[in-house]
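This report concerns only the one structure given below.
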Amino acid sequence: MIFSNISWRSSSSNISDGLPTVEQINEWSRDRVKEFLLERGAKLDLEENDVNIIHAQRVTGKAFLRLSEEQLTRETGPFRLPYGPASAIAELVQQIKGGKRTSFFSLPTPMIPNTYIILCFSFLLLEKLVTGRTRTLSPSLYNENNETLKRKKRMKEYHDTVTTGLKANNPLVGANPKNFFRNQQTNPILNGRPLANTGPPITLYNDAFSLFLNNFNDENLIIPPDFLKWADKLILEATNNYNNEEEWNEKMREILSERLGAIFEIGTGKNDPTIQVALYYRDYWSQNNVKTIRNCCCAPSFIITLAGPWFCILGGVFLNRAVVEPLTDLIPLTINLRAFDKKKRIARLFYSLYQALRHLDNFYHNLDLGKPMEHRFFPYVRQFQFDGNNNISFTYVCELSDDPTRTIWKGTLENGRSIVIKYTSKYCAAAHKICATAGFAPELLYCSDNAETKRLGGFRLIIIEYIDGTTLNQRFIERDTRDVSYGLSIYRDVKCAIDELHVKNYVFADLRTPNILVFEIDEEPHTNIIDFDWSGRHNVDSYPSSMNEDIDWPPGAEPCALLNKEHDRYWLNELREFLNLSKEEVTDKALSQF
């Protein structure tokens with residue numbers, strides 16, 4: 001796990017000031033180690049008994065520098081320290097080691113200053129990511145609840161997450177599947193375990209993640225020759241024979257630190273390493289000594305897991321819940337060095353990570369720690385261009401869905417105008433504009449171009465006029481009866497919108513009641529259709545690769561199948577039945593006379 005700038009000047013300099021060097025500590029006796037820990041006991045919140053336990057194990061200076069949190073907390077180990085003092089001692093060791101390494105900034109390829117890398121070593125292969133049914137829940141997006149209540153809910157979840165992190169057991173214990181999945185039911189980490197606990201895309205919260213992904217996927221990325229040589233060294237050492245795990249772990253720490261900075265290791269035992277690092281990320285950023293940083297940003301961090309010579313890079317952000325997301329698949333280093341494309345891919349992986357860490361370090365160095373920032377809970381983009389002119393700033397107000405995978409918020413412009421802010425991987429702006437021009441959709445103010453979509457990790461920023469209305473499924477939860485005149489008004493508007501699209505050879509595709517917005521102007525009912533994510537050209541564009549199997553889709557509407565106008569007509573018939581209208585009441589002639 002990589003935490004950029006954890007040795008932050010204003011938050012932990014009191015711990016790291018005046019540390020001895022590695023060379024000095026290597027000469028220490030166990031008594032000098034004990035004296036050193038007692039001297040720093042107050043700053044590290046150590047009790048004398050904690051220090052005595054270490055002293056009783058005859059820990060000299062050299063042994064002290066090899067201590068890790070996993071060794072100090074292991075139930076079957078000689079120390080069995082509580083998580084708090086174990087974490088403090090392990091962090092101190094890494095600061096001392098980091099202090100030595102970060103003094104060599106005159107090297108041609110400098111390490112990243114003030115950066116920790118926490119590696120998760122495991123000889124248990126990572127579980128494959130399980131793909132399952134995609135949820136397409138569509139709660140009432142535009143039924144505005146009390147914004148104060150939404151903020152209170154967000155802050156309660158945030159404080160519950162911090163409290164859980166502070167009270168948590170050692171991640172080695174918490175990562176036990178029985179313990180982990182039980183706790184996921186109350187205060188979950190959004191890491192996709194189970195799939196319902198998936199969080200929002202982390203690329204929306206800090207651009208270091210998309211920088212890493214874009215560089216890694218760029219086969220034309222220029223990699224310095226010395227980095228290519230270093231990659232050879234990494235591959236050889238990662239696949240080499242060693243007498244024991246610790247010898248291999250130490251070699252990996254040494255090599256990775258040459259390019260990525262000081263190393264902070266956590267072990268995983270026999271648990272899934274992706275679960276343990278998710279727990280460690282949440283627990284670390286819940287600590288009081290990083291509270292100032294946590295309150296000013298989403299604590300963006302990179303995570304590395306190693307399962308033998310297999311690597312996986314993940315990222316994490318701390319929102320109202322901790323969110324941990326894999327950024328790569330499981331990448332083997334067991335390759336033939338003459339397979340130049342594979343070798344270059346590995347070099348590109350770590351060079352991309354190096355570049356992203358430099359970017360992230362700059363982010364932390366420029367972070368304003370003056371006061372807590374509530375915008376840390378929202379994506380980092382806060383401007384868009386209106387009609388290609390000057391940048392327009394906006395502010396996030398509250399979530400419009402309780403589903404964390406639905407990245408949609410209410411916001412306001414500088415002039416006070418309310419807007420909807422949405423991020424989606426696919427959006428048909430052309431279809432939206434057709435309906436908006438005819439008065440059957442909210443005004444589309446902005447849609448990302450391809451360049452911005454790439455910067456956002458494949459997600460388009462959509463800015464839409466905010467309309468104070470209710471989705472149709474929610475409206476009839478609130479209304480006991482369905483007035484025929486009211487239903488005819490809704491059906492007429494929706495059919496007119498679909499006719500406008502079909503004339504121009506477009507298909508709306510997902511015309512279910514959650515995507516139909518009803519509202520009133522001067523006590524007159526009006527209807528708009530919303531969410532043009534699936535819309536596209538008839539018999540040209542396709543449905544997404546995953547569709548909710550619990551929904552009765554039109555015949556022929558299947559994953560990756562072509563869009564067809566008949567599918568919209570199917571949904572119009574479903575709408576007619578939902579509104580309790582007869583076929584005679586919705587003929588073109590009858591609607592024209594309504």
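In what follows, residues are counted from 1 in the order of the sequence shown.
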Within a 6.0 Å radius of atom [atom1] on [X], are there more than 12 heavy atoms belonging to other residues, nucleotides or ligands?
{"X": "Arg58", "atom1": "CZ", "result": "no"}
{"X": "Gln383", "atom1": "CD", "result": "yes"}
{"X": "Glu39", "atom1": "CD", "result": "yes"}
{"X": "Gln57", "atom1": "CD", "result": "yes"}

So, Phe36 versus Trp28, ring centres under 6.0 angstrom or not? yes
Give a yes or no on whether the ring-centroid distance for Tyr396 and Phe394 is below 6.0 angstrom. yes
Would you mind reporting whether [Y] and [X] have side-chain heavy atoms less than 4.5 Å apart?
{"X": "Leu456", "Y": "Tyr380", "value": "yes"}
{"X": "Glu27", "Y": "Arg32", "value": "no"}
{"X": "Glu237", "Y": "Glu254", "value": "no"}
{"X": "Gln355", "Y": "Tyr351", "value": "yes"}
{"X": "Leu353", "Y": "Phe212", "value": "yes"}
{"X": "Phe216", "Y": "Arg345", "value": "yes"}

Which class fits the ring pair Trp409 and Tyr423: parallel under 30°, tilted 30 to 60°, perpendicular over 60°? perpendicular
Do the rings of Phe318 and Tyr281 sit parallel, tilted or perpendicular, given the 30° and 60° boundaries? tilted
Would [X] and [Y] count as having a side-chain donor-acceptor pair, cut-off 3.5 Å?
{"X": "Asn183", "Y": "Asn179", "answer": "no"}
{"X": "Asn217", "Y": "Arg348", "answer": "no"}
{"X": "Arg460", "Y": "Thr453", "answer": "yes"}
{"X": "Asp31", "Y": "Ser29", "answer": "no"}

Set of residues satisfying side-chain hydrogen bond (donor to acceptor under 3.5 Å, both in side chains) with respect to Asp232, sequence neighbours excluded: Lys343
side-chain contact (heavy atoms from CB on, under 4.5 Å) against Lys426, all qualifying residues, sequence neighbours excluded: none
